[in-house]
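To start, the structure under review is shown below, and the notes come after it.
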2 protein chains.
Amino acid sequence: MATIRDVAKTAGVSIATVSRVFNGNTAVNEDTALQVWAAASALDYWPNGAARSLTTNRTSTLGVLLPDLYGDFFSEVIRGIDQLAKREKYQTLVSGSHASVEDVLAATRAMRGRIDGLVMMAPDSITVESVARIRRRLPVVLISPPFAVDGCSSVSIASFSGARAAVAHLVGLGHREIAMVAGPAGNVDAEERLRGYRRGLLEAGIQPRDEFVVQGDFRESSGYAAAAALLDRRPRPTAVFAANDCMAIGLMSALGNAGLSVPHDVAVVGFDNITMAQYMRPPLTTVHVDAYALGQKAVRLMLDTLADPEGGKVTVQTIDVILKVRSSCGARPAVATNTPAGPETNQQR
Amino acid sequence: MATIRDVAKTAGVSIATVSRVFNGNTAVNEDTALQVWAAASALDYWPNGAARSLTTNRTSTLGVLLPDLYGDFFSEVIRGIDQLAKREKYQTLVSGSHASVEDVLAATRAMRGRIDGLVMMAPDSITVESVARIRRRLPVVLISPPFAVDGCSSVSIASFSGARAAVAHLVGLGHREIAMVAGPAGNVDAEERLRGYRRGLLEAGIQPRDEFVVQGDFRESSGYAAAAALLDRRPRPTAVFAANDCMAIGLMSALGNAGLSVPHDVAVVGFDNITMAQYMRPPLTTVHVDAYALGQKAVRLMLDTLADPEGGKVTVQTIDVILKVRSSCGARPAVATNTPAGPETNQQR
DNA sequence: TTGTAAGCGTTATCAA
DNA sequence: TTGATAACGCTTACAA
């Protein structure tokens, strides 16, 4: 494997000159540069990134830590991260499935010296605990943190307001017995959605009832299971708000099997607007979250931090959500026609 | 930031000893080791990966190059890769969206010195062209290559046999006018599926007709657009095989809008079995591809290569597919009941 | 404009 | 069992 020294020898210059040519910041005689390029391509020379970052203390790589890599939502977040990072000449070192503080620390430690900053999704207090130690050595940007962390910029999802809007919409359709399939305890988005649900009810003058809230875990199977529990309640709920689409889909599937029609017997609203939502029969009303933008914003904040490391400027952003009304809640979309001209466009960028 | 030297000083030993303690291969006096551990944790010392890989020539990182990061299929591949890599103490440097040879080379070059090997999805001859040059410096494992590449292990999808089985199934249901929405030209899986479709017809004594094949691009919108073209054909096809699920879904959506019923008027079969397929109404019959296993196998092959770099053992694997019969093709599942007990389990591992 | 040489933080080879 | 010290491949003062 050719090194900078080989190139220097072949081109008849010093290694410093080769380095200058490759970095393009210092002036180099044009002829000399041509010789260097020629030698480099003759030897098929590729600079060694590890060696480079050892001296420069920069890696052009962003670490990405996610709780999981499963499903549409995370995959969109990653895509957003990757795309912007790539455009800004950064690479991404990805790692999924981190449950404990030790997991997170181990993963981060393994990245030491290989990344310039860490973008981390830390939706519960368990994972976010590790951040304090990491923060001392690396810039960290958090996605959906349960609380503000010193010195970390972050992007959150407007879960509270989204949930409130979803409930308000159901109320507007005349529903009073509105149940919820909640997300995992400790997860900040799950809890914010639950809080938004309760607030939405209160604002409509409806007293939230504990027995109308069934605990789920964001997975489809827990939505499926929730149906049985909710159908036993008296009065029986006429509408259900699920803390995410996966659970809403499981729920709809169970309702169908129980011989109930959505939205006629039970209205259903989800959260996230994953691709699948629009293809459900009936199409799922849900709160749209732009996961791609979420990933992009996180990277943007990281780039800002990296550009001004001592600035200590901390930005806390929230990504807005919007209720996407489809027919699973019994309302008709604003468009008059019943047969749309084509599939809804995906959020391809 | 504490370095090995700081630890050595604090522990009152040489840097060599610290290194030995951290790598655990050479014998070190137990008391000395304890001192080193104490010093290291007091200083919160994390070894620098770049420095380490500069001397060892190993990075414990795998590069992953994908054409795109969009959708269920790729996300499952990544998950398979990440999970196995992680279990084997490797990190993953991911990069998506590579269209041209230059793109691929640039991305790979940027990884130089940061990865031990490259797992690359190269479904067309354009992307695979770059491999020869990369192969000289790095072990490469290919996913779905259009042809065998010297010195590269690879995993392919059994696209041909899957397509043939899909068509055979339609034939078995009595269909004779079977159309196809093909994938992008140049993509090996698209072409194998087309070949399998033709073979399936021939084996049933049906002459394939060019006008029954509509070109798509693997995206939903192209499936949607294909419907119009196919409905114009005379005789009108009674069944359509789409080269992937996204296009099948777009197609179904268009058929519905045209007032046609699936499977009564037109039977539809897809390919991939993405999560959404089971939730379509009617649920989509499709050829199941275990994308998670695909990713895992690729990593396994890479680890084999890495374990025996000079061995030059090249393994070419194919991942089997299986027809998943649901109701979009008009057949009933083997199970007697019409209302399954729960959602189909996802391929969570 | 170019070259020399001193690091960067490790591991690995020798001696001791 | 330990310690000096020479790499590893690069960037970057500083000097020429």
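- Side chain to side chain, B:Ser97 and B:Asp68 fail the donor-acceptor criterion of an N or O pair below 3.5 Å.
- The shortest distance between the side-chain N/O atoms of A:Ser14 and the OP1/OP2 oxygens of C:dT4 is not below 4.0 Å.
- The CG atom of B:Asp31 sits 9 Å away from the P atom of D:dT2 (whole-angstrom rounding).
- With A:Ser153 contributing its side chain and A:Thr315 its backbone, the two residues share a donor-acceptor pair below 3.5 Å.
- Side-chain nitrogen and oxygen atoms of A:Thr55 include none within less than 4.0 Å of the OP1 or OP2 phosphate oxygen of D:dG9.
- As judged by a 4.0 angstrom heavy-atom cut-off over every strand, B:Ser53 is placed among residues making no nucleic acid contact.
- Between the side chain of B:Arg112 and the base of D:dG9, no donor-acceptor pair under 3.5 Å is found.
- Counting heavy atoms of neighbouring residues, nucleotides and ligands inside a 6.0 Å radius, atom CG of B:Asn57 does not exceed 12 of them.
- The structure places CG of A:Asp6 at 6.5 Å from CG of A:Leu43, a figure rounded to the nearest 0.5 Å.
- Comparing B:Leu54 and B:Ala16, the nucleotide of DNA chain C nearest to each residue sits closer to the 5' end for B:Leu54.
- Within the 4.0 Å cut-off from OP1 or OP2 of C:dG3, at least one side-chain nitrogen or oxygen of A:Thr17 is found.
- The distance from atom CZ of B:Arg20 to atom P of D:dT2 is 8 Å, rounded to the nearest whole Å.
- Following rounding to the nearest Å, A:Ile4 (CD1) and D:dT12 (C1') show an atom-to-atom distance of 11 Å.
- Distance, B:Asn23 CG to C:dA12 P: 7 Å, rounded to whole Å.
- Taking the side chain of B:Thr56 as heavy atoms from C-beta on, and the options C:dT1, C:dA12, D:dG9, the nearest nucleotide is C:dA12.
- Note on A:Phe22: nothing from the nucleic acid sits closer than 4.0 angstrom, heavy atoms only.
- Taking every side-chain heavy atom of B:Tyr45 into account, C:dT10 is the closest of C:dT1, C:dT10, D:dT11.
- Between B:Met1 atom CE and C:dG9 atom P there is a gap of 11 Å when expressed in whole angstrom units.
- Rounded to whole angstrom, the span from the CG atom of A:Asn25 across to the C1' atom of D:dT11 amounts to 9 Å.
- Rounded to the nearest 0.5 Å, atoms CG (A:Asp189) and CD1 (A:Ile143) are 11.0 Å apart.
- Residue B:Ser19 places no side-chain N or O under 4.0 Å from the OP1 or OP2 atom of C:dA12.
- Residue order along DNA chain C, read from the 5' end via each residue's closest nucleotide, puts A:Ala27 first among A:Ile15 and A:Ala27.
- In this structure, B:Arg114 places its CZ atom 15 Å from C1' of D:dC8, rounding to the nearest Å.
- Both B:Val28 and B:Ala51 lie near DNA chain D, and the one whose nearest nucleotide falls closer to the 5' end is B:Val28.
- Counting to the nearest Å, the P atom of D:dT11 and the CG atom of A:Asn57 are 14 Å from each other.
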